[in-house]
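Here the structure is laid out as structure tokens; the discussion comes afterwards.
Starting from 1, each residue takes its place in the sequence as its number. Counting convention: from 1, in listed order, for ligands and their atoms alike.
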Amino acid sequence: MMEIELGEKILQAHNEITEKNRELLSRHGLLTVNLMGSPGTGKTSVLEQLIPRLKAKVSMAVIEGDLYTSKDAVRIEAEEIPVVQINTRGGCHLDGRMIAEALEQLPLPQLELLIIENIGNLVCPAEFDLAEDLRVSMLSVTEGEDKIAKYPLMFQDVAAVILNKVDLIPYTSFDVTAFYEDLRLINPKAPVFEISCRLNTGIDEFADWCVSHIEQKRADRK
Ligand SMILES: Nc1nc2c(ncn2[C@@H]2O[C@H](COP(=O)(O)OP(=O)(O)O)[C@@H](O)[C@H]2O)c(=O)[nH]1
Ligand SMILES: [Mg+2]
């Protein structure tokens, strides 16, 4: 009984903070994207490819979730956009309180797009609403297509899926057909962007998808 009550209280506190974050983000008209996936799937690499394509058209910032280091934030800083580092000190996901603190450090009135790189993990991030508009989940071919069926929460309720490292398909046993079959069982509609950060392919399509959502947000504000 005690445990359940405690869990409920923590969850309730998280939900209250998240609603405040949502109100703040919506007041400033930001489109917020929660980018999730395993460690090493290529989240930061995708951002490094995406930011140069978007930053001339869209005022954007990144929140970098990391366990202990600022290595990813340093990589994003090189793209010359605002970036805030959150270190969870071992915590396996970002939460509303961490996002609230990060938002305090960002120039919200000047921003249109906020991308949150979540902690590399295929389980916990899926369970925490970060007040995002869009969830994007990533899988890379070296992880294996079976991860869709094994971690369905991560892929079922997302607006888009990125399949990264497609340049490595010839060198792995990744089964593209099974990937799509398993994905469509749990998520029939989300667009899939097949990307290679190494070969620089597929990113333009993903950038266009982001821009179309930003344009929708601009239209909603009018
Ligand atoms: N071959 C190949 N390697 C990639 C690709 N994208 C990322 N990587 C490599 O995968 C590793 C992890 O990438 P990173 O962006 O740090 O992943 P994160 O932990 O999800 O942020 C790095 O060594 C990248 O160079 C890709 O499309 N193809
Ligand atoms: Mg990273």
Side-chain angles (χ1 to χ4, degrees), residues 32-55 60-95 98-99 102 113-126 128 130 132 134-145 147-148 150-151 153-155 158-176 179-180 191-210:
T32 305
V33 178
N34 181 359
L35 182 61
M36 305 182 293
S38 305
T41 198
K43 299 179 292 302
T44 314
S45 300
V46 164
L47 292 181
E48 287 172 316
Q49 299 275 343
L50 186 68
I51 294 164
R53 286 168 167 85
L54 290 186
K55 70 178 180 185
M60 63 187 295
V62 168
I63 295 176
E64 270 298 338
D66 206 342
L67 298 177
Y68 300 106
T69 79
S70 55
K71 285 177 185 288
D72 289 356
V74 168
R75 287 166 64 185
I76 299 303
E77 227 163 26
E79 307 298 330
E80 298 181 327
I81 61 162
V83 54
V84 178
Q85 173 72 57
I86 300 175
N87 282 135
T88 61
R89 302 274 154 217
C92 59
H93 61 87
L94 297 177
D95 66 26
M98 299 172 192
I99 298 298
L113 172 64
L114 173 64
I115 303 183
I116 302 168
E117 178 177 339
N118 216 314
I119 303 296
N121 185 316
L122 279 182
V123 183
C124 314
F128 282 81
L130 298 184
E132 68 274 356
L134 301 169
R135 289 183 160 205
V136 176
S137 274
M138 283 184 66
L139 184 74
S140 58
V141 304
T142 48
E143 293 164 68
E145 73 287 338
K147 301 307 173 294
I148 300 288
K150 289 176 80 168
Y151 301 92
L153 260 190
M154 184 56 74
F155 297 96
V158 297
V161 174
I162 293 175
L163 179 62
N164 190 35
K165 308 192 190 181
V166 294
D167 56 292
L168 296 179
I169 287 176
Y171 312 105
T172 67
S173 53
F174 190 86
D175 184 336
V176 179
F179 162 80
Y180 278 100
V192 177
F193 298 96
E194 296 187 14
I195 285 177
S196 167
C197 295
R198 179 60 53 83
L199 302 179
N200 220 338
T201 56
I203 310 267
D204 286 336
E205 289 78 0
F206 181 55
D208 289 347
W209 181 83
C210 293

- Message: Suppose I only count heavy atoms of Lys43 and a 4.0 Å limit; which atoms of ligand 1 are within that range?
- Response: 15 (O), 17 (O), 18 (P), 19 (O), 20 (O), 21 (O)
- side-chain hydrogen bond (donor to acceptor under 3.5 Å, both in side chains) between Asn164 and Ser140, intermediate numbers included: CA-CA 4 Å; Asn164 190 35; Ser140 58; 5.9 Å; no
- Query: Quick one: does ligand 1 sit under 4.0 Å from the side chain of Glu117, the backbone, both or neither, non-hydrogen atoms only?
  - Reply: side chain
- Does Asp66 reach the main-chain N or O of Ile119 with its side chain, forming a donor-acceptor pair under 3.5 Å? no
- Message: Quick one: does any side-chain atom of Arg135 pair with a main-chain N or O of Ala126 as donor and acceptor, under 3.5 Å?
- Response: yes
- Message: Suppose I only count heavy atoms of Ser38 and a 4.0 Å limit; which atoms of ligand 1 are within that range?
- Response: 20 (O)
- Give the atoms of ligand 1, by number and element, whose distance to some non-hydrogen atom of Leu168 is under 4.0 Å. 1 (N)
- With side chains defined as the heavy atoms from C-beta onward, is the minimum distance between Gln49 and Ile195 less than 4.5 Å? no
- Task: State whether the shortest distance between N or O atoms of Gly40 and N or O atoms of ligand 1 falls below 3.5 angstrom.
- Result: yes
- Please indicate whether any nitrogen or oxygen in Cys197 is less than 3.5 Å from any nitrogen or oxygen in ligand 1. yes
- Message: Would Gly42 count as being in polar contact with ligand 1, using the rule that some N or O on each side must be under 3.5 angstrom apart?
- Response: yes
- Looking at ligand 1, does Met138 have a heavy atom less than 4.0 Å from it? no
- Query: Right, does atom 4 (C) of ligand 1 have protein non-hydrogen atoms nearer than 4.0 Å?
  - Reply: yes
- Within a radius below 2.8 Å of the Mg ion (ligand 2), how many protein N, O or S atoms are present? 3
- For atom 10 (O) of ligand 1, what is the nearest protein heavy atom, given as residue, atom name and distance? Lys165 NZ, 3.1 Å
- Test item: Lys147 side-chain N/O and Leu122 main-chain N/O as donor-acceptor pair under 3.5 Å: no
- Item | Side-chain (Glu80) to main-chain (Ala78) donor-acceptor, under 3.5 angstrom | no
- Query: Atoms of ligand 1 less than 4.0 Å from Asp167 heavy atoms?
  - Reply: 1 (N), 2 (C), 26 (C), 27 (O), 28 (N)
- Note on the structure: For Thr44, the ligand 1 atoms with a heavy-atom partner under 4.0 Å come out as 15 (O), 21 (O)
- Message: Tell me the nearest of Gly120, Gly202, Ser45 to atom 14 (P) of ligand 1, using heavy-atom distances.
- Response: Ser45
- With under 30° as parallel and over 60° as perpendicular, where do the rings of His93 and Phe128 fit, or are they tilted in between? parallel
- Judged by atom type as modelled, is there a donor-acceptor pair below 3.5 Å linking the side chain of Ser137 to the main-chain atoms of Phe155? no
- Protein contact to atom 25 (O) of ligand 1 [nearest heavy atom, distance to 0.1 Å]: Arg198 NH2, 4.2 Å
- Message: If the contact criterion is a heavy-atom separation under 4.0 Å, does Ser196 count as touching ligand 1?
- Response: yes
Show me the donor-acceptor pairs, under 3.5 Å and distance only, between side chains in residues 198-205 and residues at least two apart or in other chains.
from: Asn200; atom 1: OD1; to: Arg53; atom 2: NH2; distance (Å): 2.8
from: Asp204; atom 1: OD1; to: Arg53; atom 2: NE; distance (Å): 2.6

- What protein heavy atom sits nearest atom 6 (N) of ligand 1, and how far away is it? Asn164 ND2, 3.1 Å
- Protein non-hydrogen atom below 4.0 angstrom of atom 20 (O) of ligand 1 present: yes
- Residue-ligand contact Arg75/ligand 1, heavy atom below 4.0 Å: yes
